[in-house]
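Note that the structure is predicted; figures quoted are calculated from it, not measured. A note on names: the letters A, B, ... follow the listed sequences, proteins ahead of strands, and every chain is numbered from 1.
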Number of protein chains: 2
Amino acid sequence: MRTGSHVRPTQKCDLCPIQHRSVCAAAGGRIRQELNRISFRRTFAAGETIVGEAEEAGIVGNVVRGVLRMVRTIADGRQQIVGLLFPSDLFGRVFASHSRYAIEAATDVELCCFDRVAFEALLVANPDVEHEVLLSTLDELDAAREWMVLLGCQTVLERVAAFLIIVRRRMMKTTSDEWIPGMHISVPIGRRDMATYLGTTVESISRTIRALARRGVIRIIDAQNFEVVRWDRLVALSGREELEFDGGKAGARDRRHLADTGAVARQTGTGRPVVDMEK
Amino acid sequence: MRTGSHVRPTQKCDLCPIQHRSVCAAAGGRIRQELNRISFRRTFAAGETIVGEAEEAGIVGNVVRGVLRMVRTIADGRQQIVGLLFPSDLFGRVFASHSRYAIEAATDVELCCFDRVAFEALLVANPDVEHEVLLSTLDELDAAREWMVLLGCQTVLERVAAFLIIVRRRMMKTTSDEWIPGMHISVPIGRRDMATYLGTTVESISRTIRALARRGVIRIIDAQNFEVVRWDRLVALSGREELEFDGGKAGARDRRHLADTGAVARQTGTGRPVVDMEK
DNA sequence: CGAAAGTGTTGATCGGGATCAATGAAGCCA
DNA sequence: TGGCTTCATTGATCCCGATCAACACTTTCG
């Protein structure tokens, strides 16, 4: 008994944990099969380089499992992580032959890869898919700018608090921010990467996390796992009453009146708040 | 004597100084006329707000003349400029009802505006134009990440040097970086905006610019105009031997070997270089 | 199994740049 | 013309966080 040719055989995409997210979710039927055809899985161990800095970047793709870091190294060896990529995030740079930063495995990772040129051709041939890529690029741009704010004018304490909040959101695959008692945050990367992402040092990261625990905001389970004891205080310490990091649509509050009434006026300096880490 | 209806009358786009740049350059014939139909010009004086932070953003468009700043204000009044927009840059956020930062006139500006929803419809109906928007969004993302590096791990001196280089490139409408003796840099914004963009203070900006002059790198003509005396040193001081800020495609050098051989290894801290501002 | 390397923590010290303060110059308007 | 505001600059001081150093603990590997 033969099955009709119109019955599609089970394909690797059908078993993919992220098939309902990212560009894959937007691709139906024919396009899905085309993606399936040109994709290939690769795994990398923590620390391996997927794409070297300024190297010819032949592949793009999705993170299936694990975390990637995008890292820029400047002349004298200083480094800055410009983004972490979690499952369902796109990695690589479409429509440019060279990446401007290295893409490395921050943990063991599993990737769904496409030949860059083939993927670009698919995008151009399928405006719906390209539209999804545009939407996700716009979200990444918003997130990058939020990070600029963090790096440009917030304290290390605020950066760490914001980082924990973001990690929770990304690891929990949720966009909601309600707090469940005993909520757990599992940070998938080490102090080094945290420091390189937050524009600070491992020592400052360590001290700041300890300070959060001492203040009763979190409880340290081990170096990578924390229990959130006071979610509200964690949010407050991040320096923003609303957290609009990635994906969340901003609230409607208009802050212009602050400047307009002169109640705050434009700041003279960076105006970093005084915080006492010791208590 | 009547002209044939196939002869298109002169339209405002035909007189536009940026008609050969931005999305307009990619739009030919019919699409150009459609853009022409839905666009409208508006001017704002320096300091005026085009779109308030987190406000319903009904318009997007192109900068025709002048400079816009995208500024984020956090709870206690601290601010960070997350981008400056020069002529031919797109402003506003397509495919989202709210902007995450205010868009303000940094100088007197002239804008070519579109109703956001109408522009989005045009993009969806014209994949070629949407493709151009994707390309420019990807470039903006690269630029935002370069800025993250600057804010995250570079000194104020490096930030100021990099800023001057970027301003020169954007104001001169060129992507080339060759240096002409007596080259002039005209900074269109004041110390306040420079500080808010560079994540520092007006005092530090002032001191750093003076230090550059004292070292013979630049000559100060007035507060906003400088002559570049030593372009090579300015580039060196920016902390990068190649300047890949916005639009420039990265060179092919691969720096992984540094880490791989352990010659530099991964930095422990931010490793900011020691510089003596006084000489 | 012991040496070596990597990771996280804590203490002591230092410095780049923020903050506070004061001045001069330039634009604005009644 | 003179008060008023904004802007740029310079000096004095302070402090957050980088740096340097030491140590415990874990993992790796010959």
Side-chain angles (χ1 to χ4, degrees), chain A residues 45-47 76-79 106-107 151-160 187-196 198-214 220-226 239 259 262 265-278, chain B residues 45-47 76-79 106-107 151-160 187-196 198-214 220-226 239 259 262 265-278:
Chain A
D76 59 4
R78 279 173 287 169
Q79 295 188 314
T107 68
L151 295 174
C153 70
Q154 298 201 250
T155 65
V156 169
L157 179 61
E158 291 172 316
R159 299 181 206 187
V160 170
V187 176
I189 60 176
R191 299 285 183 271
R192 170 82 51 91
D193 280 341
M194 288 178 65
T196 309
L198 298 177
T200 179
T201 61
V202 288
E203 296 94 329
S204 289
I205 295 286
S206 183
R207 277 187 251 267
T208 306
I209 288 177
R210 297 271 147 183
L212 285 174
R214 206 164 37 244
I220 298 172
I221 298 166
D222 64 39
Q224 318 243 315
N225 293 280
F226 314 103
R266 297 196 68 198
Q267 294 278 310
T268 301
T270 56
R272 288 178 179 157
V274 181
V275 287
D276 180 3
M277 283 246 299
E278 299 310 316
Chain B
D76 59 4
R78 279 174 286 170
Q79 294 188 314
T107 67
L151 295 175
C153 69
Q154 298 200 250
T155 64
V156 169
L157 179 61
E158 291 172 318
R159 299 181 206 187
V160 170
V187 176
I189 59 177
R191 299 286 183 269
R192 170 81 53 90
D193 280 339
M194 288 179 64
T196 308
L198 298 177
T200 181
T201 60
V202 288
E203 295 93 330
S204 288
I205 294 286
S206 184
R207 278 187 251 268
T208 305
I209 288 177
R210 296 270 147 184
L212 284 173
R214 205 163 38 244
I220 298 172
I221 298 165
D222 63 42
Q224 318 242 309
N225 292 280
F226 313 103
R266 298 196 66 198
Q267 294 277 311
T268 302
T270 56
R272 288 178 179 155
V274 182
V275 286
D276 181 4
M277 283 245 299
E278 297 313 316

Does C:dT9 have OP1 or OP2 sitting under 4.0 Å from an N or O in the side chain of A:Arg207? no
Could you grab the distance from atom OG1 of A:Thr200 to atom CZ of A:Arg207, nearest 0.5 Å is fine? 10.0 Å
To the nearest angstrom, the CD-C1' distance between B:Glu158 and C:dG16 comes to 12 Å
Starting the side chain at C-beta, find the nucleotide from D:dA18, C:dT7, D:dT19 nearest to A:Ser204. D:dA18
Atom pair distance, as rounded to whole Å: CD in B:Glu203 and P in D:dA12: 15 Å
Whole angstroms only, please: what is the CG-C1' distance between A:Leu151 and D:dG17? 15 Å
Keeping B:Thr196 on the side-chain end and B:Arg192 on the backbone end, is there a donor-acceptor pair under 3.5 Å? yes
Please determine if a side-chain N or O atom of B:Thr201 lies less than 4.0 Å away from the OP1 or OP2 oxygen of C:dA18. yes
Between C:dT7 atom P and A:Ile205 atom CD1, what is the distance in whole Å? 15 Å
According to a strict under-4.0 Å criterion, is A:Arg210 in side-chain N/O contact with OP1 or OP2 of C:dT10? yes
For A:Thr200 and D:dA18, is the shortest distance between a side-chain N/O and OP1 or OP2 below 4.0 Å? yes
Gap between atom CD1 of A:Ile205 and atom CG of A:Asp193 - 0.5 Å precision: 10.5 Å
Against the side chain of B:Ala223, the closest entry in D:dA8, C:dT19, D:dT10 is D:dA8
Check the distance between C:dA25's P and B:Gln224's CD and give it to me in whole angstrom. 18 Å
d(CD1, B:Ile220; P, D:dT10) in whole Å: 8 Å
For A:Ile189 and C:dG6, what is the distance between atoms CD1 and P respectively, to the nearest whole Å? 19 Å
Measuring from B:Leu212:CG to B:Ile220:CD1, what's the distance to the nearest 0.5 Å? 8.5 Å
Measure the distance from CG on B:Leu198 to P on C:dA18 and round it to the nearest whole Å. 11 Å
To the nearest 0.5 Å, what is the distance between OG1 (B:Thr208) and CZ (B:Arg159)? 10.0 Å
